[in-house]
Structure formats: C-alpha cells, structure tokens
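Worksheet: one structure, shown below.
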Amino acid sequence: MGAEIERKYLLTAFPAAELANNELTQVSKQYIYQTYLAFSDDQEIRVRQLVDSSGESHFTHTFKSGHGMVREEVEYSITEPIYKQLLERTGLIPLEKIRTTLEADGVTYEIDEYKQIDLLVVEVEFPDLQTAEQFVPPSWFGRELGSEEEFRNKSMWVALQKR
C-alpha cells in the first residue's frame, strides 16, 4: 500500500487574485463524482468518475485505511463498464465536486468546490511527514480542518445519502 500524506484547509474564497497576479498557476480542472461502496471507522472503498476539461472521463477504484494526516491508499483505474456495474441498482448519490489543481513554487494545491454543499477546501499532499509538518500555509488559506470528521468526504457523502 502507498501512503497518502495530506493537510486540508478551509477556504473562504477561491484565490482569484493570486491567480491573476501569477502567484499561482492553474494546472488542471476536473469534475469528480465520488461514491462510497463500503466503509467502517478506519477503512473505505470508493469509486470515482473524473471528467477532465475536454469532457473525457476516467474511472478509479480506491481503498483507504487509517485516520489523520497519514493514511494508507491504494488507487487504480477501472473501466467505465466496471464502474457502472458497481453502481447500478444501488440508488447511491455521488458526492460532486470541481477540483482545480494549482501550483506555486513547486507545491501543488488541490481546491475542491463541493456542488451539493456550500464548501470550498484546499488540500496539499506531501512526500513525507516531515515536509507536511514543516509546511507553512499561504495567507489565502483558512483554518486547518485536520481530522474534523464533518469535513471528511466520507462524512459529507453519508449525509448526502440521508437527504
């Protein structure tokens, strides 16, 4: 399994000024439709449809384990027929978000704008725990969300199913 090391922050607004004055560079934008197939307190299995700016779709299957800043993650591509077969007849509603990937000074920022929830967050992934702990967030970041359960994608997805 691979380790995912990330920190997540709340945003009050998209960093448009930083983009306009070239402090940030936009790398990509994609629509993500994320559905959980199974989960427990410390494990989850999800599938995603990722639609890039040209309209092309890619599909993934992911297993995650653990809590906090460092989690185990195994993700691989699946075909559209497998994706559809996994979801058909489930009645599950995918969590929808627009992910804008930005870069500055060698750091990649992933901004997620949730479509069914009024929420904007930014995530930063790191190569190791020491780099993550030494990271100083830019001024346009809001408060760190850390391991706050209500801001985990799984929690937001579960709430969406109850609507």
Side-chain angles (χ1 to χ4, degrees), residues 1-19 22-54 56-78 83 94-117 119-158:
M1 281 194 228
E4 174 189 61
I5 303 167
E6 72 179 12
R7 293 176 68 179
K8 187 175 190 174
Y9 300 83
L10 188 63
L11 291 180
T12 55
F14 191 85
E18 289 79 1
L19 267 171
N22 297 317
E23 289 177 47
L24 294 168
T25 303
Q26 183 171 320
V27 176
S28 64
K29 188 175 213 170
Q30 63 185 182
Y31 288 79
I32 298 174
Y33 302 90
Q34 181 166 304
T35 306
Y36 290 83
L37 301 176
F39 54 86
S40 65
D41 286 341
D42 66 341
Q43 294 182 342
E44 58 194 56
I45 297 172
R46 71 166 191 232
V47 290
R48 280 180 168 174
Q49 177 181 4
L50 303 111
V51 184
D52 65 25
S53 56
S54 71
E56 187 174 337
S57 288
H58 301 278
F59 303 88
T60 62
H61 183 274
T62 305
F63 168 79
K64 287 191 176 192
S65 177
H67 289 285
M69 195 183 323
V70 181
R71 300 174 69 198
E72 294 298 321
E73 179 181 68
V74 177
E75 182 171 88
Y76 54 90
S77 295
I78 59 174
Y83 173 82
L95 184 64
E96 298 178 29
K97 55 188 176 180
I98 299 172
R99 172 166 291 165
T100 305
T101 303
L102 306 171
E103 272 186 2
D105 302 320
V107 178
T108 300
Y109 305 103
E110 293 180 334
I111 297 176
D112 287 341
E113 175 189 351
Y114 293 85
K115 301 311 291 175
Q116 298 116 318
I117 305 161
L119 182 64
L120 189 64
V121 301
V122 60
E123 294 179 353
V124 184
E125 289 194 23
F126 302 94
D128 55 63
L129 187 57
Q130 182 179 2
T131 305
E133 290 171 340
Q134 293 174 348
F135 177 71
V136 178
S139 61
W140 53 274
F141 277 35
R143 71 179 172 92
E144 186 165 8
L145 299 175
S147 57
E148 292 181 48
E149 191 65 30
E150 70 183 281
F151 293 104
R152 295 187 64 203
N153 282 307
K154 178 179 71 176
S155 298
M156 291 185 277
W157 180 82
V158 168

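Just one of V158, V121, L95 meets the side-chain contact (heavy atoms from CB on, under 4.5 Å) condition when paired with N153; it is L95. Of the residues listed (E72, Q43, E4, E75), the one engaging K64 in a side chain to side chain donor-acceptor pair (under 3.5 Å) is E4, and it is the only one.
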Handout entry: E103/T25 under side chain to side chain donor-acceptor pair (under 3.5 Å): CA gap, chis, key distance, verdict
Key = CA-CA 5 Å; E103 272 186 2; T25 303; over 6 Å; no
Handout entry: Derivation and outcome, side-chain contact (heavy atoms from CB on, under 4.5 Å), residues L119 and L10
Key = CA-CA 8 Å; L119 182 64; L10 188 63; 3.5 Å; yes
Exercise for the section: Quick one: do V107 and V124 satisfy side-chain contact (heavy atoms from CB on, under 4.5 Å)? Show the steps, please. Expected result: CA-CA 8 Å; V107 178; V124 184; 3.9 Å; yes
Problem - Criterion side-chain contact (heavy atoms from CB on, under 4.5 Å) on E56 and V51, from CA distance to verdict - result: CA-CA 5 Å; E56 187 174 337; V51 184; over 6 Å; no
Problem - E123 and R7: CA distance, side-chain angles, deciding distance, salt bridge (Lys or Arg N to Asp or Glu O under 4.0 Å) verdict - result: CA-CA 6 Å; E123 294 179 353; R7 293 176 68 179; over 6 Å; no
Problem - Pair R99-Q30, side chain to side chain donor-acceptor pair (under 3.5 Å): steps then yes or no - result: CA-CA 5 Å; R99 172 166 291 165; Q30 63 185 182; 4.9 Å; no
Handout entry: V27 vs T108, side-chain contact (heavy atoms from CB on, under 4.5 Å): CA-CA, chis, key distance, verdict
Key = CA-CA 9 Å; V27 176; T108 300; 5.9 Å; no
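Going from atom OG of S139 over to atom CZ of F141 covers 9.5 Å, rounded to the nearest 0.5 Å. The CD1 atom of I78 sits 8.0 Å away from the OH atom of Y83 when rounded to the nearest 0.5 Å. Distance CG/D42 to OG/S65: 5.0 Å, rounded to 0.5 Å. Summarising the geometry, atom CG belonging to L50 is positioned 8.5 Å from atom CZ belonging to F59; distances are rounded to the nearest 0.5 Å. One finds the CD atom of E73 at 10.5 Å from the CZ atom of F63 (value rounded to the nearest 0.5 Å). Here the CD1 atom belonging to I45 is positioned 5.5 Å from the NE2 atom belonging to H61, to the nearest 0.5 angstrom.
The closest donor-acceptor contact from the side chain of Q116 to the backbone of E96 lies under 3.5 Å. When atom types are taken as modelled, the side chain of R71 and the backbone of G66 share a donor-acceptor pair closer than 3.5 angstrom. For E150 (side chain) and M156 (main-chain N/O), no donor-acceptor pair under 3.5 Å exists by modelled atom type. Between the side chain of T100 and the backbone N or O of I111, no donor-acceptor pair lies under 3.5 Å. At least one donor-acceptor pair under 3.5 Å links the side chain of H67 to the backbone N or O of D41.
In Y31, the OH atom is not crowded: 12 or fewer heavy atoms of neighbouring residues, nucleotides or ligands sit closer than 6.0 Å.
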Determine all donor-acceptor pairs shorter than 3.5 Å in which one atom belongs to a side chain in residues 130-137; sequence neighbours excluded.
unit_1 : atom_1 : unit_2 : atom_2 : d
T131   : OG1    : D128   : OD1    : 2.7
T131   : OG1    : D128   : OD2    : 3.3

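For the pair F14/L19, a side-chain contact is recorded, criterion being any heavy-atom separation below 4.5 Å from C-beta on. A 4.5 Å side-chain heavy-atom check between L37 and V47 finds at least one atom pair inside the cut-off. Between P94 and Q34 the shortest side-chain heavy-atom distance does not fall below 4.5 Å. Between I5 and P127 the shortest side-chain heavy-atom distance does not fall below 4.5 Å. Taking the side chain as every heavy atom from C-beta outward, M69 and L129 approach each other to under 4.5 Å.
Salt-bridge check for K8 with E110: failed, with every basic side-chain N at 4.0 Å or more from each acidic carboxylate O. At a threshold of 4.0 Å, the pair K29-E113 does not count as salt-bridged, since none of the basic side-chain nitrogens sits closer than that to a carboxylate oxygen.
Not a single ring-ring contact (aromatic ring centres under 6.0 Å, His included) links F39 to another residue, sequence neighbours left out.
Among all heavy-atom pairs drawn from A3 and V70, the shortest one is CB-CG1, 4.5 Å. Listed here is the closest heavy atom pair of L120 and A13: CD2-C, 3.5 Å. Listed here is the closest heavy atom pair of A104 and E23: CB-O, 3.2 Å.
The aromatic ring centres of W140 and Y109 sit less than 6.0 Å apart.
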